[in-house]
K.L.:
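Structure provided below as structure tokens; questions to follow.
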Protein chains: 2
Amino acid sequence: MQPRSKRTGRTGRPPRLSQQAIISAAEQLLAAEGADALSMRRLAKELASTPMALYHHVRDKDELLLLLLEAHAQRMPRPELPEDPRERLIAAGQVLHDVLADCPWIVEVLASDDLMAVSALWIVEAMVDAAIKCGLTPEQAVDAYRIIWYYTVGELMVRVSRERRQADADRPSYRDRTFSMLAADEYPRLAALSDRWATLTAHDTHRQGLETVVEGLLARA
Amino acid sequence: MQPRSKRTGRTGRPPRLSQQAIISAAEQLLAAEGADALSMRRLAKELASTPMALYHHVRDKDELLLLLLEAHAQRMPRPELPEDPRERLIAAGQVLHDVLADCPWIVEVLASDDLMAVSALWIVEAMVDAAIKCGLTPEQAVDAYRIIWYYTVGELMVRVSRERRQADADRPSYRDRTFSMLAADEYPRLAALSDRWATLTAHDTHRQGLETVVEGLLARA
DNA sequence: ACCTGAACACCGTTCAAGT
DNA sequence: ACCTGAACACCGTTCAAGT
């Protein structure tokens with residue numbers, strides 16, 4: 001696995017670093033200290049090397065993040081999807097979500113490209129295929145994929161940022177401050193729900209929303 | 001409008017800076033040079049002041065961003081929403097989207113809090129109200145709002161990041177490289193669509209997706 | 001080919017002092 | 001009360017040089 005220099009001339013030293021080693025170290029760092037800790041400089045320190053040595057193996061930080069996403073997607077199990085196209089569409093959407101949900105650092109990558117890693121492309125294929133089998137045209141199927149994708153990205157964004165906020169939990173959230181000041185005449189619905197808002201918006205609605213979105217998408221088939 | 005010191009003692013100088021002045025300068029900077037240019041240091045330079053002077057008027061950069069969002073939402077016109085609750089729900093979702101869509105720098109704020117500025121809270125009120133009038137329970141209405149919110153955030157994230165990518169358009173997108181290498185036997189649907197993928201995913205599906213999501217939401221009412 | 005050291009051009013934020 | 005200067009603890013990336 002470890003790439004070696006092709007010519008082992010007398011003066012050439014064996015490479016101390018490799019893309020693999022860098023990716024592994026980055027994964028360890030992410031697991032141990034979270035996304036904020038991952039910087040080129042810190043990573044170099046972790047590898048007992050210098051920042052510039054990394055740039056010999058990855059083009060820039062963006063490429064490193066993409067490589068990390070790729071490695072993560074490759075490791076994920078590829079579950080059998082249901083035969084029924086509707087169930088298949090929902091299941092694929094769920095997998096898409098789950099692949100990304102357990103590596104929250106990925107959100108920065110999400111923003112940087114609108115397409116998954118190659119290793120996750122089978123999910124997109126499954127979704128477009130299922131949508132077509134549900135009676136959508138190929139064009140509608142692509143639109144359906146995009147709508148589900150937007151829903152997924154949004155859910156992840158909000159989920160991750162909430163988790164980060166809870167991490168440094170000292171200061172009261174803007175939301176709490178806002179809801180305690182709600183004028184009941186101007187915002188009757190929100191005021192009526194204000195004390196339950198935190199709990200109502202805390203429970204996980206991803207799956208339910210996914211099913212809802214699919215229901216809407218197939219209604220036009 | 002300009003806050004003045006209450007005691008104008010002989011030794012007290014008139015304040016050179018104010019929250020208002022800082023916000024205005026930040027808006028100008030954002031308009032002129034985009035989100036990346038907005039830093040506390042740069043902003044101080046623009047105001048012919050020092051970074052630390054800013055911290056006397058805003059707590060930190062997060063608060064500044066929140067104040068900017070608030071100011072933006074306040075300026076937005078508040079359109080009359082349709083009476084019909086279903087149309088009302090869609091229209092409110094559209095406004096929510098539009099308020100955010102024309103200030104792409106906001107995406108960083110979106111991640112940092114799950115609730116809108118106070119000035120945009122009327123949209124949430126309208127959505128929850130419309131959902132209830134459509135026959136949903138208050139709990140379902142909150143879930144409906146959240147699902148639309150996720151969809152909106154995701155659409156904006158992807159939209160903004162695509163626009164940024166096009167800004168520095170030198171390097172070919174990861175997507176293009178990926179799609180040109182697609183194995184037709186492994187990804188039959190995507191391969192069949194590969195040459196049209198760019199155009200199919202370029203057109204704006206926000207509105208259509210919004211209507212679809214609402215359709216799915218109301219199907220269970 | 002692979003790596004290092006020093007530098008460039010930045011960040012957000014804190015501290016201690018000035019008027 | 002309002003502001004300044006200097007500093008702390010970082011960033012990503014480039015350049016020129018070393019073996």
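Per chain, numbering begins at 1; letters A, B, ... match sequence-line order. Worth knowing before you read on, the calculation uses all heavy atoms, side chains too, and leaves out hydrogens, waters and symmetry mates.
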K.L.:
If you assign A:A37 and B:A53 each to the DNA chain D nucleotide with the nearest heavy atom, which residue ends up on the more 5' nucleotide?
P.N.:
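In this pair, the answer is B:A53.
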
K.L.:
Figure out the CG/C1' separation between A:D36 and C:dG12, and round it to whole Å.
P.N.:
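Whole-Å distance recorded here is 13 Å.
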
K.L.:
Of the options D:dT13, C:dG12, C:dT4, whose atoms approach the side-chain atoms of B:R41 most closely?
P.N.:
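Given the options D:dT13, C:dG12, C:dT4, the side chain of B:R41 is closest to C:dG12.
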
K.L.:
Quickly work out the A:R42 CZ to D:dC10 P distance and round it to whole Å.
P.N.:
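From A:R42 CZ to D:dC10 P: 9 Å.
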
K.L.:
Between the protein and nucleotides 14-16 of chain D, are there any N/O to N/O pairs under 3.5 Å, and if so, what are the atom names and distances?
P.N.:
none

K.L.:
Between D:dC11, C:dC11, C:dT4, which nucleotide gets closest to the side-chain atoms of B:S39?
P.N.:
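Closest nucleotide to the B:S39 side chain: C:dC11.
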
K.L.:
Grab the two heavy atoms, one from B:L156 and one from B:A101, that are nearest each other, plus how far apart they are.
P.N.:
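Of all heavy-atom pairs spanning B:L156 and B:A101, the closest is CD2-CA, 3.8 Å.
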
K.L.:
Do any side-chain nitrogens or oxygens of B:S49 fall under 4.0 Å of OP1 or OP2 in D:dT4?
P.N.:
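For B:S49, the contact criterion (side-chain N or O under 4.0 Å from OP1 or OP2 of D:dT4) is met.
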
K.L.:
Send over the distance from B:L47 CG to D:dC2 C1', rounded to a whole Å.
P.N.:
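Roughly 15 Å, once rounded to whole Å.
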
K.L.:
So A:L69 and A:L100, side chain to side chain contact (heavy atoms under 4.5 Å, CB included) or not? Walk me through it.
P.N.:
CA-CA 9 Å; A:L69 175 56; A:L100 300 170; 4.1 Å; yes

K.L.:
Just to verify, what does B:H206 make a ring pair (Phe, Tyr, Trp, His ring centres under 6.0 Å) with, not counting sequence neighbours?
P.N.:
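Scan of B:H206 (ring pair (Phe, Tyr, Trp, His ring centres under 6.0 Å), adjacent residues dropped) gives B:H97, B:Y151.
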
K.L.:
Rounding to an integer number of Å, can you tell me how far B:H57 NE2 sits from D:dT4 C1'?
P.N.:
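Spelled out: NE2 on B:H57 to C1' on D:dT4 is 13 Å.
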
K.L.:
What's the CG-C1' distance between B:L38 and C:dC10, to the nearest Å?
P.N.:
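Spelled out: CG on B:L38 to C1' on C:dC10 is 14 Å.
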
K.L.:
Assess whether side chain to side chain contact (heavy atoms under 4.5 Å, CB included) is satisfied between B:W149 and B:L96, documenting all intermediate values.
P.N.:
CA-CA 9 Å; B:W149 175 233; B:L96 184 64; 3.7 Å; yes

K.L.:
Using modelled atom types and a 3.5 Å cut-off, is there a donor and acceptor pairing between side-chain atoms of B:E70 and backbone atoms of B:S119?
P.N.:
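Indeed, once roles are kept as given, a pair shorter than 3.5 Å links the two residues.
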
K.L.:
Quick one: A:L54 CG to C:dG5 P, roughly how many Å, whole number?
P.N.:
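Interatomic distance, CG of A:L54 to P of C:dG5: 14 Å.
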
K.L.:
Taking only side-chain nitrogens and oxygens of A:R16, does any of them come within less than 4.0 Å of OP1 or OP2 of C:dT4?
P.N.:
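The answer is yes; a side-chain N or O of A:R16 sits under 4.0 Å from OP1 or OP2.
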
K.L.:
Once you round it to whole Å, what is the distance between C1' of C:dC10 and NZ of A:K61?
P.N.:
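My rounded result for the distance is 15 Å.
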
K.L.:
Between D:dA9 and C:dC8, how far is it from one P atom to the other, in whole Å?
P.N.:
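One P to the other, the span is 22 Å.
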
K.L.:
Only Watson-Crick and G-U wobble pairs with both distances less than 3.5 Å should count. Give DNA chain C in dot-bracket notation, marking inter-strand partners with |.
P.N.:
||.|||||...|||||.||

K.L.:
Tell me: CE of B:M40 to P of D:dG5, nearest whole Å?
P.N.:
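Distance, rounded to whole Å: 17 Å.
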
K.L.:
Let's go through B:Q19 and B:I22 carefully: what are the C-alpha distance in whole Å and the side-chain angles of both, what is the deciding distance for side chain to side chain contact (heavy atoms under 4.5 Å, CB included) to 0.1 Å, and is it a yes or a no?
P.N.:
CA-CA 5 Å; B:Q19 214 177 62; B:I22 290 171; 5.7 Å; no

K.L.:
Output yes when a side-chain donor or acceptor of B:H72 lies under 3.5 Å from a complementary backbone atom of B:V99, and no otherwise.
P.N.:
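Pair found, side chain donor or acceptor close to backbone of B:V99.
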
K.L.:
Quick one, B:Q208 with A:D143, criterion side chain to side chain contact (heavy atoms under 4.5 Å, CB included). Give me CA distance, side-chain angles, the key distance, then yes/no.
P.N.:
CA-CA 9 Å; B:Q208 184 212 327; A:D143 287 348; 3.5 Å; yes

K.L.:
Closest approach of B:L64 and B:M40, non-hydrogen atoms and distance?
P.N.:
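Here B:L64 and B:M40 meet closest at CD2-SD, 4.1 Å.
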
